S.K.: 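Input: one structure, supplied below.
For clarity, every value in this text was computed on a predicted model and none was experimentally measured.
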Amino acid sequence: MTLLKVRGLGKAFGGVKAVDGIDFDLAAGELLALIGPNGAGKSTTFNMVNGQLRADRGSVQLDGHELVGRKPREIWALGVGRTFQIAETFASMSVLENVQMALISHAGRLFSFWTRARNFQRERALNLLGQVGMAEQADRPCRELAYSDVKRVELAIALANEPRLLLMDEPTAGMAPRERNDLMALTRRLVIERRIAVLFTEHSMDVVFAHADRMIVLARGRLIAQGKPAVVREDPQVQQVYFGTGATFAPHVPEALARVAE
């Protein structure tokens, strides 16, 4: 089932067309990678879907609901979760408290200085942490965690509003190869269990080719290719845009080519 429909999406900054009329769909239970070289328009596209930027033209529909013109919180309330390139957590709070804060926001609850929030949906918060393998560290302050564990906590936070669509901005940035593949394997499991649609940007091509169901490739604001990873890998225009030589993507991308500048 198609969950997200993007049609004719465009955004310009001055005379520069950052995104120039792109179309794509995303189905429930699918991981779609959004890739492209420096200045391709990936971040602009991502932020228009999330509502951080307003599109100049075009449509972004989530299960029939138009997202263009809505504020990020309104989009979040419709069932869109998000993780960031630099993990966003409250460092001084415990792992459990970070997830509880997200649950409080989702429930629309406000607590006064005289009301304790520490017991609010504690079991549900622990359940979310269990799903990402962090329940045993629930009482640790986030500042004490390894970065890969902070990323897992951020994923639990993103799941707190029971999203139908999850936007992941470079989810494995700053992680070692094994850690990033473990995180994406975890994401894959949650996608299957919850039927979540995932749109993610990623620099590491090994992650993209190992975990994406489909890919869309942008260059200078335009969509130049989309499809299964094996098909996109052999696309001559994609090869030219990335490498300028017509060289093909190897099944195992060399380290020098594993990261493509944003």
S.K.: Taking D169 first and then K42, would you say they form a salt bridge - that is, a charged N and a carboxylate O separated by under 4.0 Å?
M.R.: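 The answer is no: the pair does not qualify as a salt bridge.
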S.K.: State, without any angle test, whether S59 and E66 hold a side-chain donor-acceptor pair at a distance under 3.5 Å.
M.R.: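 Yes.
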S.K.: Looking at R214, R7, K5, Q61, which one forms a side chain to side chain donor-acceptor pair (under 3.5 Å) with D25?
M.R.: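 Of the listed options, the one satisfying the test is R7.
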S.K.: How far apart are the C-alpha atoms of V232 and V217, what are their side-chain angles, what is the distance that settles it, and do they pass the side chain to side chain contact (heavy atoms under 4.5 Å, CB included) test?
M.R.: CA-CA 8 Å; V232 172; V217 186; 3.6 Å; yes
S.K.: Between V80 and W76, is there shared hydrophobic-cluster membership here, with clusters defined by ILVMFWY side-chain heavy atoms closer than 4.5 Å?
M.R.: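 Hydrophobic grouping puts V80 apart from W76.
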S.K.: Are the side chains of E202 and P171 in contact, using a 4.5 Å heavy-atom criterion?
M.R.: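 In contact.
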S.K.: Determine, step by step, whether L166 and L155 satisfy the side chain to side chain contact (heavy atoms under 4.5 Å, CB included) criterion, reporting the C-alpha distance in whole Å, the side-chain angles of both residues, the deciding distance to 0.1 Å, and the verdict.
M.R.: CA-CA 10 Å; L166 180 59; L155 180 56; 3.9 Å; yes
S.K.: Checking side chain to side chain contact (heavy atoms under 4.5 Å, CB included) against V95, which of L129, D139, V150, D149 comes through?
M.R.: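 By the side chain to side chain contact (heavy atoms under 4.5 Å, CB included) criterion, V95 pairs with just one of L129, D139, V150, D149: L129.
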S.K.: What are the two closest heavy atoms between F200 and L31, and how far apart are they?
M.R.: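 Minimum heavy-atom contact is CE2-CB, 4.2 Å.
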S.K.: Give me the atom names and distance for the closest heavy-atom approach of M93 to M101.
M.R.: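 Where M93 meets M101 most closely, the heavy atoms are SD-CG, 3.9 Å.
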S.K.: What's the spacing between F90 CZ and E97 CD if we round to 0.5 Å?
M.R.: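 Output value for this atom pair is 11.0 Å.
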S.K.: Hey, could you give me the CG/CE distance between L186 and M184, rounded to the nearest 0.5 Å?
M.R.: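 Nearest 0.5 Å value for the CG-CE distance: 9.5 Å.
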S.K.: Do L167 and F84 sit in the same hydrophobic cluster, where Ile, Leu, Val, Met, Phe, Trp and Tyr count as joined when their side-chain heavy atoms come under 4.5 Å apart?
M.R.: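 No.
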S.K.: Taking the side chain as C-beta and beyond, is there a heavy-atom pair between P163 and L159 under 4.5 Å?
M.R.: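 Yes. Closest side-chain heavy atoms under 4.5 Å.
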S.K.: Going from CG on N47 to OG1 on T201, what distance comes out if it is rounded to the nearest 0.5 angstrom?
M.R.: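 Nearest 0.5 Å value for the CG-OG1 distance: 9.5 Å.
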S.K.: If you compare all heavy atoms of A138 against all heavy atoms of L126, which two are closest, and at what distance to 0.1 Å?
M.R.: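 Nearest heavy atoms, A138 then L126: CB-CD2, 3.7 Å.
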S.K.: Are side-chain heavy atoms of E170 and F46 found at a separation under 4.5 Å?
M.R.: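 A side-chain contact is absent here, since even the closest heavy-atom pair is not under 4.5 Å.
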S.K.: Measuring only between side-chain heavy atoms, which start at C-beta, is H211 closer than 4.5 Å to N181?
M.R.: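 They are in contact (side-chain heavy atoms under 4.5 Å apart), so the answer is yes.
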S.K.: Mind checking the CG-CZ spacing from L199 to F24? Nearest 0.5 Å is all I need.
M.R.: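 Answer rounded to 0.5 Å: 5.0 Å.
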S.K.: Using the rule given for side chain to side chain contact (heavy atoms under 4.5 Å, CB included), can you reason through I35 versus M205, listing the C-alpha separation, both sets of side-chain angles and the distance that settles it, and then say yes or no?
M.R.: CA-CA 9 Å; I35 70 169; M205 292 297 100; 4.2 Å; yes
S.K.: Check the pair R195, R164 against side chain to side chain contact (heavy atoms under 4.5 Å, CB included), reporting the backbone distance first and the verdict last.
M.R.: CA-CA 7 Å; R195 296 291 294 168; R164 293 179 293 164; over 6 Å; no
S.K.: Taking C-beta and beyond as the side chain, do R220 and K17 meet within less than 4.5 Å on heavy atoms?
M.R.: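 Heavy-atom side-chain distance check fails, nothing below 4.5 Å.
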S.K.: Enter the distance from E162:CD to L128:CG here, rounded to the nearest 0.5 Å.
M.R.: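 Spacing of CD (E162) from CG (L128) equals 8.5 Å.
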S.K.: Side chains of Q137 and R152: any donor to acceptor distance under 3.5 Å?
M.R.: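 Short answer, no.
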S.K.: Establish, from distance only, whether the side-chain atoms of N127 and E123 form a donor-acceptor pair under 3.5 Å.
M.R.: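 Result is no, nothing qualifies.
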S.K.: Side-chain contact test, heavy atoms from C-beta onward, threshold under 4.5 Å: evaluate it for D20 versus R57 and give yes or no.
M.R.: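 Heavy-atom side-chain distance check passes, below 4.5 Å.
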S.K.: Are I196 and I75 co-members of a hydrophobic cluster defined by side-chain heavy atoms under 4.5 Å apart?
M.R.: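 The answer is no; the residues belong to distinct hydrophobic clusters.
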S.K.: Out of curiosity, I216 CD1 to L34 CG, how far, rounded to the nearest 0.5 Å?
M.R.: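 So the gap between those two atoms works out to 4.5 Å.
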S.K.: Find out whether the Lys NZ or Arg CZ of K11 is both under 6.0 angstrom from the six-membered ring centre of F13 and within 45° of the ring's axis.
M.R.: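 Judged by the rule, K11 and F13 form a cation-pi pair.
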S.K.: How about CD on E193, more than 12 heavy atoms from neighbouring residues, nucleotides or ligands closer than 6.0 Å, or not?
M.R.: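 Yes, enclosed.
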S.K.: Consider only side-chain heavy atoms of I, L, V, M, F, W and Y, link residues closer than 4.5 Å, and tell whether M168 and L165 are in one cluster.
M.R.: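 As far as the 4.5 Å side-chain criterion goes, L165 and M168 are not connected within one cluster.
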S.K.: Looking at every non-hydrogen atom in both residues, tell me the closest pair between P229 and M215 and how far apart they are.
M.R.: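 Shortest heavy-atom contact: CA-SD, 3.5 Å.
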S.K.: Is any side-chain heavy atom of M48 closer than 4.5 Å to one of V60?
M.R.: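 Contact flag for V60/M48 side chains = no.
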S.K.: Test E30 against every option in D213, L4, V198 by the side chain to side chain contact (heavy atoms under 4.5 Å, CB included) rule and name the one that passes.
M.R.: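 Output: one option passes, namely D213.
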S.K.: So which atom in I157 and which in A102 form the shortest heavy-atom distance, rounded to 0.1 Å?
M.R.: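 Taking I157 first and A102 second, the nearest heavy atoms are CG2-CB, 3.8 Å.
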S.K.: Are L96 and M134 connected in the hydrophobic side-chain network, where two residues link if heavy atoms are under 4.5 Å apart?
M.R.: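 Yes, it is one cluster - the side chains of L96 and M134 are joined through contacts under 4.5 Å.
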S.K.: Is there a side-chain contact between I224 and V238, using heavy atoms and a 4.5 Å cut-off?
M.R.: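 Answer yes - side chains close enough.
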S.K.: Considering non-hydrogen atoms only, spot the tightest contact between L78 and L62 and give its length.
M.R.: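 For L78 and L62, the tightest heavy-atom pair comes out as O-CD2, 3.8 Å.
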S.K.: Please check if the side chain of D235 supplies one atom and the backbone of Q237 the other of a donor-acceptor pair under 3.5 Å.
M.R.: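 Yes; judged by distance alone, with no hydrogens or angles, the pair exists.
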